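Note that the numbering runs from 1 along the sequence shown for the chain. Computed from a prediction, not measured in an experiment: that's the story for all the values here.
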Amino acid sequence: MSARTIQDQSIARKTFVQQAAQADADDPASPLRGAAMFSTKSKSAYTPRATEDQFFEAADTSLLPVIRVDAASLMQVSRQLESIAKRQAPRIAFKAKGSIVLLNLFDILAVQAEGNYVSLQHRPNPYLVHESLSSMAEKLKPYGFIRIHRSVVVNVSAVEQVQPLPTGEYRLRVRGGKEYLVTRTYKHNLRDLAQLWVGTERLCG
């Protein structure tokens with residue numbers, strides 16, 4: 001190893017220690033304060049030319065700084081992220097009882113045909129909208145809704161489980177436990193339930 005390389009390594013180590021000390025001083029409340037452990041060794045252990053100089057070196061990679069997050073904090077962060085996602089999610093607007101109602105599409109589990117209306121399956125209360133299911137299916141398709149029955153459109157993000165039936169149809173369950181029948185006419189749409197399929201078995205062949 002050349003003298004220049006040894007000198008460069010020594011400078012790099014000293015710079016690292018100085019930066020770590022500065023960061024520790026700037027933020028005394030940091031969770032990383034005091035978390036790193038160092039040992040002092042002589043250069044004689046690493047270079048042919050022993051000196052009296054000392055430097056800091058990480059004693060063990062297993063002792064590198066670790067941030068520990070308790071379950072309660074993790075759940076709080078998860079709820080905050082979900083809240084942000086909902087605020088940024090696309091919304092649907094429609095008239096109901098003389099008012100304009102705005103709903104996040106994420107919260108609509110499915111859309112069902114009911115005569116000349118469609119029922120937006122929204123928890124805790126569904127909403128009736130005067131529109132055909134075919135029209136709703138086309139409008140909602142870009143937002144992750146698929147048709148599974150001549151009278152049902154479901155929100156892909158709400159689907160939790162799909163079970164094949166002996167008839168060649170499928171039983172689909174959404175958040176909250178409600179189940180819908182997927183007919184053979186629309187079963188090919190089930191491929192859109194996930195962006196990544198793994199394993200040897202696939203839905204719809």
Side-chain angles (χ1 to χ4, degrees), residues 66-205:
V66 176
I67 300 176
R68 292 181 174 83
V69 181
D70 58 84
S73 297
L74 190 60
M75 288 299 294
Q76 182 179 3
V77 171
S78 177
R79 286 192 295 268
Q80 290 173 347
L81 291 175
E82 184 177 349
S83 177
I84 292 172
K86 285 186 176 182
R87 287 199 301 269
Q88 296 177 343
R91 297 197 293 177
I92 186 172
F94 55 91
K95 285 186 178 181
K97 298 180 180 179
S99 300
I100 302 296
V101 178
L102 297 168
L103 297 178
N104 286 328
L105 287 178
F106 176 83
D107 295 326
I108 298 175
L109 305 179
V111 181
Q112 282 185 274
E114 293 195 14
N116 295 327
Y117 291 80
V118 291
S119 175
L120 306 181
Q121 300 301 303
H122 176 272
R123 299 178 65 188
N125 302 312
Y127 293 90
L128 279 178
V129 178
H130 191 269
E131 190 157 354
S132 70
L133 185 70
S134 296
S135 175
M136 287 293 293
E138 284 300 314
K139 291 179 179 179
L140 294 174
K141 186 176 180 179
Y143 301 100
F145 284 73
I146 60 172
R147 195 162 187 171
I148 61 169
H149 191 279
R150 63 184 179 85
S151 61
V152 180
V153 172
V154 298
N155 186 345
V156 167
S157 65
V159 177
E160 292 184 337
Q161 183 177 342
V162 181
Q163 179 183 358
L165 300 175
T167 60
E169 300 172 317
Y170 291 83
R171 181 181 295 114
L172 181 149
R173 188 181 71 199
V174 298
R175 289 193 309 265
K178 189 167 184 177
E179 295 182 341
Y180 297 94
L181 180 68
V182 182
T183 60
R184 286 177 289 183
T185 302
Y186 296 101
K187 68 179 185 180
H188 63 278
N189 289 337
L190 294 179
R191 295 192 183 98
D192 296 330
L193 289 177
Q195 289 71 46
L196 177 65
W197 293 90
V198 296
T200 57
E201 296 185 3
R202 301 285 191 276
L203 284 174
C204 318

Looking at [X] and [Y], what are the two nearest heavy atoms and their distance?
{"X": "V156", "Y": "D192", "answer": "CG1-O, 3.7 Å"}
{"X": "Q112", "Y": "V152", "answer": "CG-CG2, 4.0 Å"}
{"X": "V153", "Y": "A137", "answer": "CG2-CB, 3.8 Å"}

Exercise. Do the non-hydrogen side-chain atoms of L165 and L181 ever get within less than 4.5 Å of each other?
Worked result: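 In contact.
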
Problem set entry | Non-neighbouring partners of Y180 that pass ring pair (Phe, Tyr, Trp, His ring centres under 6.0 Å), sequence neighbours left out |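 Y180 satisfies ring pair (Phe, Tyr, Trp, His ring centres under 6.0 Å) with no other residue.
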
Exercise. With sequence neighbours left out, what residues match H122 under ring pair (Phe, Tyr, Trp, His ring centres under 6.0 Å)?
Worked result: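 Partners of H122 by the ring pair (Phe, Tyr, Trp, His ring centres under 6.0 Å) criterion, ordered by chain and then number, come out as Y127.
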
Problem set entry | R147 side, atom CZ; T183 side, atom OG1 - distance, nearest 0.5 Å | 9.0 Å

Exercise. About how many Å separate CG of N189 and NE2 of H149, when rounded to the nearest 0.5 Å?
Worked result: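 Answer rounded to 0.5 Å: 13.5 Å.
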
For this session: Begin from the C-alpha positions of Y170 and I148 and carry the test side-chain contact (heavy atoms from CB on, under 4.5 Å) through to its verdict.
Result: CA-CA 9 Å; Y170 291 83; I148 61 169; over 6 Å; no

Neighbour count above 12 (heavy atom, 6.0 Å) for [X] [atom1]:
{"X": "F94", "atom1": "CZ", "result": "yes"}
{"X": "R150", "atom1": "CZ", "result": "no"}
{"X": "Y117", "atom1": "OH", "result": "no"}

For this session: Can you tell me which residue pairs pass the side-chain hydrogen bond (donor to acceptor under 3.5 Å, both in side chains) test with a partner in residues 92-103, sequence neighbours excluded?
Result: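 Passing the test, one end in residues 92-103: no pairs.
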
Problem set entry | Criterion side-chain contact (heavy atoms from CB on, under 4.5 Å) on F145 and I108, from CA distance to verdict | CA-CA 10 Å; F145 284 73; I108 298 175; 4.2 Å; yes

Problem set entry | Candidate pair Q163 and E179, rule side-chain contact (heavy atoms from CB on, under 4.5 Å), full reasoning | CA-CA 10 Å; Q163 179 183 358; E179 295 182 341; 5.8 Å; no

Problem set entry | Verdict with supporting geometry, I92 and M136, side-chain contact (heavy atoms from CB on, under 4.5 Å) | CA-CA 11 Å; I92 186 172; M136 287 293 293; 4.0 Å; yes

Exercise. Picking from V182, N155, V154, what satisfies side-chain contact (heavy atoms from CB on, under 4.5 Å) with I146?
Worked result: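 Running side-chain contact (heavy atoms from CB on, under 4.5 Å) over V182, N155, V154 with I146 returns exactly one hit, V154.
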
Exercise. Under 3.5 Å, side chain of R184 to main-chain N/O of K187, donor-acceptor pair present?
Worked result: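 Looks like no, no N/O pair under 3.5 Å.
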
